[in-house]
Amino acid sequence: MIPTYLAEGPTLADFGKDVWWIVLIKVLGVFVMLLLLTLFTINYERKVVARMAQRPGPNQVGPNGWLQSLTDGLKLPFKEEIIPFTADKVVYFLAPVISAVCAFTAFAVIPFGPMVSIFGERTPLQLTDTPVSVLVVLACASIGIYGIVLAGWASGSTYPLLGGLRSGAQMISYEVAMGLSFVAVFMTAGTMSTSEIVRAQEHGNPINLFGFEVTAPSWYAVLLIPSFVIYVISAVGETNRAPFDLPEAESELVGGFHTEYSSFKFAMFFLAEYINMITVSSVCTTLFLGGWRAPWPISFWEGANSGWWPMLWFFGKVLLLLFGFIWLRATLPRLRYDQFMRFGWKVLIPVNLVWILALAGIRTLQDQNVADTTRYLIIGGVVVGLLLVVLLWPEKKKATLPSLEEQVASRPVGSFPLPPLDLQVPPSPRARRAVAERQPVMASSRREDTDGGVARTTTNDDSGAAGKEV
C-alpha cells in the first residue's frame, strides 16, 4: 500500500531538510538525466526530421541507430582542437563553461514529482525550491547570454563577433517577452515557487455560468492561453532554434558565435543548446501544463499522482514539447533578422502588456465579488471592443514612390551607367559586320574534248538537273 505522504505535493516547508547523501543523489541524478536526455533528444530530432523528409535517418550505430548520438558525443572530445592565434585564451575557455553551467543550474528548481521515499528517507522529487524559483530560471538564462557574447568576442574573428552580438540581442529581446508571460502565472497562482504553481493547478476551476456549475480546466495553458502562446514563441527564439536560428545562418554568419570553436568546447555549446531546449520545455510543463500531475483521463486513476509515476507524465509532456521544436525546424523557413526583431518588440511585448492589464482587471472584478455572469459579460464586451479596434484600425498609407523615369532623371552626374529601361540590349560595335545578300548560285564548268574537235560544255544549275551537251 502506498503511504499517504507519497500522494502529496511538496511545499516550501519540505525543502532544506535532506541529509547530505540524498542531496548528492539528487544532484547526480539530475546531471545524468540531462546528459541522457540530451543524447536522446539529438537522436529523436534526427529520426523525426528524417521521417518528415522521407529518408532513413541514423540507422547504423546501435539498435536501429539509437547509439548514433553517443558515438558523436564520444568523438568530439578526441578531435583536434584549433584555437585562433588572436583569441583571448582565458575568455575563450570560460565562455562555453558559462553557457553549460547555467544550462545545468536552471534545472535545480524544476519539480519532477511528489514526495517519494529514497532508501527510507522522505524527500520531495525536486532538488530545491525557493519563493522566487522562476526568477532563478530567468537569472540562469540571462547569465547564459554572457557565454554566447563572450564566445563571439574572444574568438578574435569578425563572423563570431557578429554572430555573438546578433544572438545576444535576440535572446535579450525574447527573454523580455518570456518574463512578461510569467507575470500572468504569478498573478493567478499567487506565488513564484515552482512547486506551489504546480499545486495551484491541482484541482479544476469551478465556474458559475448563467446558473450552471461548470468545472473549467486548471492548467494555465487553457486559463491563460495568451501567455502560453507567447511563451512558446519566446522559448523558440530564446533557444536560437529554427525558424529563429538567425545567429547560425550559414549563408550570412557561417556558424555564428561558435564558428572558431572545435573539439570539447564546441561539444559544450552543443550540450548547452539542447539542455536549454529541455529546460524551457520543463518550465512550460511546470507553469502551464500542470507539472508532474497526470493529464486527463489518467488522472481518474487513484495512484496516478503517487510514487514515481508522475515522472513519466512529466517527461511525456516534455517530449511532446520537444516534438514541437523539431516539427517547427522541419516545417518553417528561416525568418529575416529584421522581421524577427520587429515581431518580438512590436507584437509580442505589446500584446503581453495588454493581456496583463486585462488580467489585472479580471482579478479586480473577482476581488470585488462581482457575479460570475456579470464579470464574463464585461470581459466579453472588452474583448469584442478590442477586436473591433484591431479590425477597424486604419492601415498606414504607403508613401508614393516616384516613377522610374523620375528616379533616373534625379541621379547625380557621373553615376554608374544603367541598363536600358526597355530591356533591349543594343548589339556590340565589335560584333558588327557586313553580311552580303545571298544570290542563287550558278556553277558552270567548261571543258573541251579534243577528241574529234567537238567542244562540250556542261552546265549544272541549283536544281541538280543533268548536264547538257552542246
Side-chain angles (χ1 to χ4, degrees), residues 2-19 22-27 29-31 33-34 104-118 121-141 178-179 181-205 217-224 227-228 231 278-295 298-299 303-318 321:
I2 301 176
T4 305
Y5 70 82
L6 293 183
E8 299 176 354
T11 62
L12 289 174
D14 295 318
F15 294 93
K17 301 179 180 179
D18 295 332
V19 295
I22 289 289
V23 176
L24 182 61
I25 290 177
K26 287 184 179 181
V27 171
V30 170
F31 181 77
M33 180 269 298
L34 286 177
F104 279 103
T105 305
F107 235 85
V109 295
I110 302 297
F112 301 110
M115 303 295 294
V116 296
S117 176
I118 300 180
E121 292 287 336
R122 179 176 180 268
T123 180
L125 201 56
Q126 181 178 352
L127 185 57
T128 187
D129 194 12
T130 66
V132 289
S133 292
V134 181
L135 298 185
V136 174
V137 177
L138 291 177
C140 292
M178 179 185 294
S181 65
F182 291 161
V183 174
V185 177
F186 301 156
M187 293 171 60
T188 307
T191 179
M192 296 183 186
S193 167
T194 51
S195 60
E196 295 293 336
I197 291 175
V198 174
R199 177 184 290 271
Q201 303 175 71
E202 179 178 1
H203 302 291
N205 184 26
S218 58
W219 286 6
Y220 291 151
V222 179
L223 298 178
L224 308 174
S227 296
F228 174 69
Y231 175 83
I278 300 169
T279 301
V280 297
S281 300
S282 301
V283 171
C284 183
T285 300
T286 302
L287 300 186
F288 295 100
L289 300 180
W292 45 265
R293 296 194 175 276
I298 304 177
S299 57
N305 295 320
S306 301
W308 297 86
W309 284 107
M311 287 192 66
L312 180 61
W313 322 135
F314 177 84
F315 286 111
K317 298 174 185 178
V318 170
L321 293 172

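- Side chain of T194 to main chain of V109: a donor-acceptor pair is present (N/O by atom type, distance under 3.5 Å, no hydrogens or angles).
- When every heavy atom of I197 is checked against every heavy atom of L287, the shortest pair comes out as CD1-CD2, 3.4 Å.
- The aromatic ring centres of F228 and Y220 sit 6.0 Å or more apart.
- Between F112 and F315 there is a side-chain heavy-atom pair separated by less than 4.5 Å.
- Listed here is the closest heavy atom pair of S117 and W308: O-CZ2, 4.2 Å.
- Taking all atoms of both residues into account, the shortest heavy-atom contact from P114 to W292 is CB-CH2, 3.6 Å.
- Counting only heavy atoms from C-beta outward, the side chains of P124 and P111 never approach each other to under 4.5 Å.
- The heavy-atom pair separating R199 from P10 by the smallest distance is NH2-O, 3.8 Å.
- Taking 4.5 Å as the limit, some side-chain heavy atom of F314 sits within range of a side-chain heavy atom of T286.
- Taking the six-membered ring for Trp, Y231 and F182 have ring centres closer than 6.0 Å.
- Without hydrogens or angle criteria, W309 side chain to A294 main chain gives no donor-acceptor distance under 3.5 Å.
- Panel note: side chain S218, backbone Q201; a donor-acceptor pair is recorded below 3.5 Å.
- Judged by distance alone, with hydrogens and angles left aside, the side-chain atoms of T188 form a donor-acceptor pair with the main-chain N or O of A184 at under 3.5 Å.
- Here the CG atom belonging to D18 is positioned 9.0 Å from the CG atom belonging to L127, to the nearest 0.5 angstrom.
- Rounding to the nearest 0.5 angstrom, the gap separating the CG atom in L125 from the CE atom in M311 is 5.5 Å.
- In terms of heavy atoms, G290 sits closest to V198 at O-CG1, 3.7 Å.
- The line from CD of Q126 to CG of D14 is 10.5 Å long, rounded to the nearest 0.5 Å.
- With E196 contributing its side chain and T11 its backbone, the two residues share no donor-acceptor pair below 3.5 Å.
- Taking CD1 of I118 as the reference point, atom NZ of K26 lies at 6.0 Å (rounded to 0.5 Å).
- A distance of 3.5 Å separates CG of D129 from OG of S195, quoted to the nearest 0.5 Å.
- Closest approach of V116 and G307 over heavy atoms only: CG1-O, 3.6 Å.
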Q: Evaluate side-chain contact (heavy atoms from CB on, under 4.5 Å) for L289 paired with L321, printing each intermediate quantity in order.
A: CA-CA 11 Å; L289 300 180; L321 293 172; 4.1 Å; yes
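- Residue I110 holds its CD1 atom at 11.5 Å from CD1 of I278, rounded to the nearest 0.5 Å.
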